[in-house]
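Okay, structure first, notes after.
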Amino acid sequence: MKIEEIWDLCISEAKISYNQGDVPIGAVLVKDNEILASAHNTREIEHNILGHAEINVILQASERLKRWNLSDCSIYVTLKPCSMCYEVIKQSRIANVYYLLDKLDYKKEFSKTKFVKFYENDENEHEQMYHKLLKSFFQQKR
């Protein structure tokens with residue numbers, strides 16, 4: 001697979017998004033020089049906040065490989081991933097991320113969401129119950 005073919009496919013996927021009225025972003029996931037999946041943004045058309053090209057392509061590749069760990073894969077994307085996609089890519093263990101453009105100055109991310117730990121002390125019954133549950137889960141898995 002030639003690198004030009006990968007980028008051509010990324011651009012083709014971005015054009016699909018554009019024609020559907022979505023942010024024109026395309027992504028391709030590659031393993032062992034083979035294209036596993038390609039995708040584009042679908043957030044607006046599907047009314048789904050998770051409909052980013054990077055997440056769509058990761059879901060397709062995971063389904064194809066029957067696993068979530070994509071540590072032997074690389075992702076190619078037309079625009080530098082947003083913070084949500086960045087975290088999904090990290091959680092997927094993808095080895096390399098290649099992108100064409102940084103975000104435009106007027107397209108910077110912003111958030112007014114506040115994250116607040118609900119209970120401030122460690123004596124809370126719900127917090128303790130959940131801590132035990134989480135600890136038990138990881139002890140069994142590891």
Give the C-alpha distance, both sets of side-chain angles, the deciding distance and a yes or no for side chain to side chain contact (heavy atoms under 4.5 Å, CB included) between S62 and R67. CA-CA 5 Å; S62 294; R67 59 185 165 93; over 6 Å; no
For the side chain to side chain contact (heavy atoms under 4.5 Å, CB included) test, which of N96, V97, V77 pairs with I89? V97
Same cluster or not: are I16 and I45 linked, directly or through other Ile, Leu, Val, Met, Phe, Trp or Tyr residues, by side-chain heavy atoms under 4.5 angstrom apart? no
Are K2 and D8 within salt-bridge range, i.e. N to O under 4.0 Å? no
Quick one: are I94 and L29 in side-chain contact, heavy atoms under 4.5 Å? yes
When every non-hydrogen atom of E54 is compared with those of C85, the smallest separation belongs to OE1-SG, 3.4 Å
Does any N or O in the side chain of D22 come within less than 3.5 Å of the main-chain N or O of Y18, such that one atom is a donor and the other an acceptor? no
Between T42 and N56, is there a side-chain donor-acceptor contact under 3.5 Å, judged purely by atom types and distance? yes
What I want to find out is whether R43 reaches E46 closely enough, with some N-O distance under 4.0 Å, to be called a salt bridge. no
Is there a donor-acceptor pair closer than 3.5 Å between any side-chain N or O of N41 and the backbone N or O of S17? no
Should we count CD of E87 as having more than 12 external heavy atoms under 6.0 Å? yes
If I compare all heavy atoms of K31 with all of C73, which pair ends up nearest, and what's the gap? CB-SG, 3.7 Å
So if you build clusters from Ile, Leu, Val, Met, Phe, Trp, Tyr with side-chain heavy-atom gaps below 4.5 Å, do I55 and L65 land together? yes
Could you check whether any side-chain heavy atom of Q20 comes within less than 4.5 Å of a side-chain heavy atom of H40, counting everything from C-beta outward? yes
Is there a donor-acceptor pair closer than 3.5 Å between any side-chain N or O of D32 and the backbone N or O of E34? no
For the residue pair C10 and Y76, what are the closest heavy atoms and their distance? SG-O, 3.4 Å
Please determine whether residues F137 and M129 belong to a single hydrophobic cluster, defined as Ile, Leu, Val, Met, Phe, Trp and Tyr linked transitively by side-chain heavy-atom distances below 4.5 Å. no
To check you understand the geometry: which heavy-atom pair defines the closest contact between S38 and E13, and what is its length? OG-OE2, 2.8 Å
Separation between NZ (K80) and CG (D102), nearest 0.5 Å, reads 5.5 Å
On a heavy-atom basis, the closest approach of Q60 and A39 is NE2-CB, 3.7 Å
Tell me whether K132 is salt-bridged to E125, with the criterion being a basic N under 4.0 Å from an acidic carboxylate O. no
Student check: side-chain heavy atoms of W7 and L100 closer than 4.5 Å: yes
When hydrophobic residues are tied together by side-chain contacts of less than 4.5 Å, even through go-betweens, does I58 share a cluster with Y86? no
Test item: S92 and W68 side chains (from C-beta on) under 4.5 Å apart, heavy atoms: no
I75: which of L36, V30, V57, L70 passes side chain to side chain contact (heavy atoms under 4.5 Å, CB included): V57
hydrophobic_cluster_shared for V23 and L101, side chain cutoff 4.5 Å: yes
I want to check something: taking the side chain as every heavy atom from C-beta on, are P24 and K15 in contact at a cut-off of under 4.5 Å? no
All heavy atoms of A61 vs all of A37, minimum pair found to be N-CB, 3.9 Å
